Each structure stands twice: as C-alpha cells, then as structure tokens.
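Structure record follows, encoded as structure tokens.
These numbers were taken from a predicted model, which means no experiment stands behind them. When a ligand or atom number is given, it counts from 1 through the structure's own listing order.
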Amino acid sequence: MNEQLWKKAEEFIHQCHRELQKPEDETSSRLCEIKEEIEETGSYTHTYEELAHGARMAWRNSNRCIGRLFWRTLHVLDERSRDTEEAVFQALARHVTFAENGGKIRPVITIFRPSLPGKGDIRVWNHQLVRYAGYETADGIVGDPASLELTQRCEELGWRGKKTDFDYLPWVVQIGSRPPKWKEVPSGLMKEVHIVHPELEWFSELKLKWYAVPIISDMKLEIGGIHYPLAPFNGWYMGTEIGARNLADENRYHKLPEVARRMGLNIERLSDLWKDKALTELNIAVLYSFKRAGVSIVDHHTAAQQFKLFEQSEAQEERALTGDWTWLIPPMSPAATHIFHQEYENATHTPNFFYQKKPYE
Ligand code: ARG
C-alpha cells in the first residue's frame, strides 16, 4: 500500500469535506473507499466534486496570483476520459471557446487524466494554449523571444510558421512515449486585441496586438497526492502583464523605445523618465483597447483592491493567507498598492499548481 499517497488523500478529503460541510459518516465511508482503491490499484479516483473543489483550492493556494478573490468561480471541465491526441486537441479547443465566451472571460480549468502507475502521462508542450512563436533570423529575433526554444522544437516536428511577430504556435500533444503530434490552433478560435490609444492616434501604427486569454498549460495540478500533469487553466489578464512585461521587457517585445520616440521623448536621458512615461501610455493603451474590444481585463489598482478583499475573506474563514510578495506586487507603481507595504508568508500548501520538467528537454 502506498502509505504516502494514502496520507495525502486522507488530509485532502478531510479538508475538502470540512469546507463543503459534508456529514462525518460520508467522510469516513469515502475514506474507506479510497483506501481500498489505493490498495487495489495504487491510486484513487477523485469524484467530480473533489476534483472541482480541489482545483479551486489549488487556485486559492497559488501564492503568486493576485486574482485569487475569484477562486470559487472557477469552472472545472472534467476531461479525464480523453485518451487520444485528437480527443485532447478537441478538449483544448472547447476550453478556449468556453473561457473566451465572446470576450466576457470565464476562469476555467480543464483536467485531463492523472499520472497513473504503468501509464504514460498526457502532456502538451505549450506553455500557454495560445502564445506567439519566436524566431532567430538574420535581422534579429522575430516574434516573442520567450518562445524561441519551443518554436524550434515545433519546427523540428515539421511545423512551419509565417514568421510574423504574432504567429500562433501549434498545439503539441504527447501521450506517454508516443511521438508528439501537432496541430494548428483553429483560426478564429481566440480573439486578439489590436492595441490603440484613447488620445495618441499614431499608436495603432505600431501594429501591436495581444491575445485575449492567458491559458497556462505546462503546470502540474496536485490534489490529495494525485498529480494531473495536464490541467490548463486561465483567468483574465491584468493589464500590466501585457503592457509592462510582454510588450515592454527588453527580452520580450521591447517596445518602450519606439513608444517613447513616437511620443517625442529624448531616449538618451534616463533621468527624464522616458521609460516611465512610455510605460504609462502603453498600459493606458492596453486597458483601453481590451475594454473597447469587449474583452475582460483588470488594471493593477483594481486587482490589488480585489486582493485586499481576498485577504479579508480568508481571514474571515480563519485560513492563514500565503503569498509571494515578489510576484504579487504589480510591475508598475507597486508602492501605490497596499500589497507593497505588507508582508506575506510564502508557504506552499496543497492542492496547488507546480512547475514540472518540460517534456521536450
Ligand atoms: N503573465 C502571463 C502572460 O502575460 C500570464 C500568466 C497568467 N495570468 C493571468 N492573468 N491569469 O501571458
């Protein structure tokens, strides 16, 4: 009998049933059932209720996430019975459509089958279900530099991108030791938002855009000792993720110098704070464009206020709050939020999401 798994299962079921206010006899009979299943098979199967609540707890325990106020609203899609690459592609497409919801983004997780003794894991190679490719070319990097390696791996599998700055990487699904299979993301599946500015008319000439929904697809979900290596999940964007990081970081799209020049700023003098001015306008543009396109997004000040409400509701429920300060503070004007002025205990509780080894390395 796998004692370690049993211990984790027991702990999870107790907490889950307590939070769902289940009667005690139900808890003890469920525990007997789980014990038997572990003895017989070396693993156990979550009920949908356990799966759904476990996934919500995992979000609640995600120390780096500022959006946790909404953990109870997570939609949980159970795709544990999918067993072929084609069926996985179809389930991924369902996730995108359901999450995007015409712009009114829903927080969603799709859970595929867990790691099981004697069975190969199902993985996708993608970091997010939609992300732009990146290429090393004779005139420098085209696209998203963060995707260089995965893009290369995809090319090795025979995929060819158009080599624009905004090509969707294909989905790459791998089941056990079978060769990976790739498929283009169905066109039109995910909305993209063109970045325009409410006052600066030239902004659209920068030809910047970003996709509507960030869907992390390379993290492992752990619930009660069961590991789900494929469980893509999403919320909606906080503006700074795009405006202060993806489009701004020097090792990403690196757009601040161009924005500043178009604003007529002298980019030779750091002390003029041209970067800060450009950052502000770029972030105003991102928020404005998403709103104009009818796509959910939150600014960092509102997100911080929502996080404050999360802190209060956790205190009310008498749960100790955990958090990773270095990630919770927004990358713009951090000290203008309460988070900056507070300390958080960065302890890891399960259920949770974990980094795992890249399948293509
Ligand atoms: N920071 C990542 C990105 O810019 C997305 C991480 C998840 N973000 C979220 N709002 N749920 O693509």
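- Ion pairing of Glu281 with Lys255 is absent here, as no side-chain N (NZ or NE/NH1/NH2) approaches a carboxylate O to less than 4.0 Å.
- Seen from the ring of Phe203, Arg262 does not count as a face-on cation partner, given the 6.0 Å and 45° thresholds.
- Considering all non-hydrogen atoms of both residues, Gly235 and Pro214 come closest at O-CD, 3.7 Å.
- Arg56 forms no cation-pi arrangement with Trp71, by the criterion of a distance under 6.0 Å to the ring centre and an angle within 45° of the ring axis.
- For the pair Tyr135 and Lys162, the tightest heavy-atom approach, listed with the atom from each and the gap, is OH-N, 4.0 Å.
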* Could you please spell out the steps behind the ring pair (Phe, Tyr, Trp, His ring centres under 6.0 Å) verdict for Trp210 and Phe290? => CA-CA 9 Å; Trp210 206 257; Phe290 268 64; 9.3 Å; no

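- Within 4.0 Å of ligand 1, contacts by protein heavy atoms are made from Gln128, Tyr211, Pro214, Ile216, Gly235, Trp236, Tyr237, Glu241, Asn246.
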